[in-house]
2 protein chains.
Amino acid sequence: MNYTIRKGTPQDIEDAFRLIMELAVFEKGEHLVSNSPARMLEDGFGNNPVFEFFVAETTDEKPEIVGMALTYIRYSTWRGQCLYLEDLIVTEKYRQFGLGKMLLDTVVKRAVETNMAIVMWQVLDWNTPAINFYKKCGAELAPEWINCTVLPEKLASWQYGKF
Amino acid sequence: MNYTIRKGTPQDIEDAFRLIMELAVFEKGEHLVSNSPARMLEDGFGNNPVFEFFVAETTDEKPEIVGMALTYIRYSTWRGQCLYLEDLIVTEKYRQFGLGKMLLDTVVKRAVETNMAIVMWQVLDWNTPAINFYKKCGAELAPEWINCTVLPEKLASWQYGKF
């Protein structure tokens with residue numbers, strides 16, 4: 001099978017969202033998804049785009065999007081501008097063909113081209129295949145940082161100035 | 001003592017950077033800091049600003065910046081636009097007066113005003129006072145996500161397409 005990796009366009013948003021939902025189910029987080037293709041279209045291609053993405057597409061007669069990587073710029077006060085890889089997804093039946101590495105390579109290349117200090121992402125501690133893949137690629141894994149979140153329901157009822 | 005919380009300006013960058021270095025020393029990461037006030041000025045107030053920040057300032061005769069919170073927009077494929085709190089810093093001798101909570105409140109208010117889905121940040125797993133503070137504030141802590149990074153030296157020598 002042959003593939004091409006290219007920049008995602010507005011026409012790819014529906015396919016990208018399908019892959020996002022596939023990953024959300026795998027990560028046991030589908031009940032947390034409040035995003036939609038319509039909102040992604042606005043957030044990625046509206047007046048103030050906040051992300052970009054790449055797709056992996058088959059190059060046969062009926063091209064099909066089978067993987068994607070979504071990135072945006074983060075700001076590290078220590079290092080300056082960094083490229084954050086929010087999602088790296090290859091649909092299940094197209095794994096083991098090297099598409100994940102091709103997508104990750106594209107993201108790294110983009111980071112180098114745009115003078116980003118580092119490339120960062122996160123992985124779940126029980127996702128052993130992904131952890132092994134990232135280690136093999138040469139990424140540093142740092143489990144000492146804990147994610148903190150003020151969830152939507154808490155945002156609305158936030159207690160200001162209580163202590 | 002009286003304080004005011006206000007938006008950071010270009011004139012505050014030097015003070016903000018002093019606080020960033022104080023936190024980097026506490027987090028044992030000062031050797032990783034490659035950023036500078038000049039770069040922060042460009043990144044925060046140039047053609048394409050990638051962060052904003054708030055400062056806590058004393059309101060006596062010689063106003064002094066004693067705390068700051070730096071934020072930027074992240075993109076969650078599950079939730080859409082989120083406000084990320086990169087640094088929340090109160091200089092050591094001004095702690096225990098509630099300034100951290102005032103800064104965090106300001107960030108939460110800003111997130112609500114700008115329709116951000118959630119507020120997110122990270123804390124080191126050995127920083128017990130900060131962990132307790134965030135839990136008391138109502139944040140959810142999720143230790144199952146591991147940070148992955150391609151460091152600058154690896155970016156430059158990245159092996160493309162090796163598997």
Side-chain angles (χ1 to χ4, degrees), chain A residues 20 24 29 32-35 39 43 50-51 70 72-81 84 86-87 98 101-102 105 108-109 111-112 117-126 131 134 136 138-152 154-156 158-163, chain B residues 20 24 29 32-35 39 43 50-51 70 72-81 84 86-87 98 101-102 105 108-109 111-112 117-126 131 134 136 138-152 154-156 158-163:
Chain A
I20 287 165
L32 299 175
V33 179
S34 54
N35 208 359
R39 266 176 59 193
D43 292 333
V50 290
F51 67 83
L70 187 142
Y72 52 83
I73 295 174
R74 281 187 66 170
Y75 197 71
S76 161
T77 45
W78 293 5
R79 300 183 186 273
Q81 296 192 35
Y84 192 79
E86 174 72 14
D87 277 345
K101 184 65 166 67
M102 284 167 68
D105 284 358
V108 169
K109 201 176 281 180
V112 172
I118 53 174
V119 178
M120 309 162 73
W121 64 95
Q122 291 198 315
V123 66
L124 278 162
D125 59 6
W126 50 258
I131 288 172
Y134 294 141
K136 212 171 145 188
E140 307 293 313
L141 272 67
E144 70 269 28
W145 288 97
I146 301 172
N147 282 0
C148 306
T149 311
V150 180
L151 293 171
K154 289 273 175 74
L155 266 191
W158 185 258
Q159 300 286 310
Y160 291 100
K162 275 293 161 76
F163 51 90
Chain B
I20 287 163
L32 300 174
V33 178
S34 54
N35 209 359
R39 265 176 61 192
D43 292 334
V50 290
F51 68 82
L70 187 143
Y72 51 82
I73 294 175
R74 283 188 65 172
Y75 198 71
S76 161
T77 44
W78 294 5
R79 300 182 185 273
Q81 296 191 35
Y84 191 78
E86 174 72 14
D87 277 346
K101 183 65 165 67
M102 282 166 68
D105 285 357
V108 169
K109 202 176 281 181
V112 172
I118 53 173
V119 178
M120 308 163 73
W121 64 97
Q122 291 197 317
V123 66
L124 279 162
D125 59 6
W126 50 259
I131 289 172
Y134 293 140
K136 212 172 145 189
E140 308 292 314
L141 272 67
E144 70 269 29
W145 289 96
I146 299 172
N147 282 0
C148 306
T149 311
V150 180
L151 293 171
K154 289 274 177 73
L155 266 191
W158 185 258
Q159 300 286 309
Y160 291 101
K162 276 292 161 75
F163 51 91

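Chain naming here is simple, since letters A, B, ... match the order of the sequence lines and numbering starts at 1 in each. The structure displayed is predicted, hence computed values, not measured ones.
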Participant: Hey, could you give me the CD1/CZ distance between I73(B) and F51(B), rounded to the nearest 0.5 Å?
Facilitator: 13.5 Å
Participant: I'd like to verify something: which residue of L155(A), V150(A), L32(A) has the highest number of heavy-atom pairs under 4.5 Å with chain B?
Facilitator: V150(A)
Participant: Give the minimum heavy-atom separation between P152(B) and A117(A), together with the two atoms involved.
Facilitator: CG-O, 3.6 Å
Participant: Quick one: which of Y134(A), W126(A), W158(A) has the most heavy-atom pairs under 4.5 Å with chain B, could you say?
Facilitator: W158(A)
Participant: Looking at I118(A), V33(A), N147(A), which makes the most heavy-atom pairs under 4.5 Å with chain B?
Facilitator: N147(A)
Participant: So what's closer than 4.5 Å to chain B heavy atoms on E144(A): side chain, backbone, both or neither?
Facilitator: both
Participant: Would you check, one step at a time, whether the test salt bridge (charged side-chain N to carboxylate O under 4.0 Å, His left out) holds for K109(B) with D105(B)?
Facilitator: CA-CA 6 Å; K109(B) 202 176 281 181; D105(B) 285 357; over 6 Å; no
Participant: Only pairs of heavy atoms separated by less than 4.5 Å count here; which of D125(A), I131(A), L151(A) has the most with chain B?
Facilitator: D125(A)
Participant: Under 4.5 Å from any heavy atom of chain A, what part of L70(B) do you find: side chain, backbone, both or neither?
Facilitator: side chain
Participant: Is chain B contacted by the side chain of W145(A), its backbone, both, or neither, given a heavy-atom distance below 4.5 Å?
Facilitator: both
Participant: Please classify the contact of V112(A) with chain B as side chain, backbone, both or neither, using a heavy-atom distance under 4.5 Å.
Facilitator: side chain
Participant: Tell me, side chain or backbone of E140(B) under 4.5 Å from chain A's heavy atoms, or both, or neither?
Facilitator: both
Participant: Considering only heavy atoms and a distance below 4.5 Å, find which of A142(A), P143(A), A139(A) pairs most often with chain B.
Facilitator: A142(A)
Participant: In the structure I gave you, are the side-chain heavy atoms of I20(B) and N35(B) within less than 4.5 Å of one another anywhere?
Facilitator: no
Participant: If I take atom OG from residue S76(B) and atom CG from residue D87(A), how far apart are they, to the nearest 0.5 angstrom?
Facilitator: 8.0 Å
Participant: Judged by atom type as modelled, is there a donor-acceptor pair below 3.5 Å linking the side chain of R39(A) to the main-chain atoms of R79(B)?
Facilitator: yes
Participant: Which residues satisfy the side-chain hydrogen bond (donor to acceptor under 3.5 Å, both in side chains) test with D43(B), sequence neighbours excluded?
Facilitator: Y75(A), Q81(A)
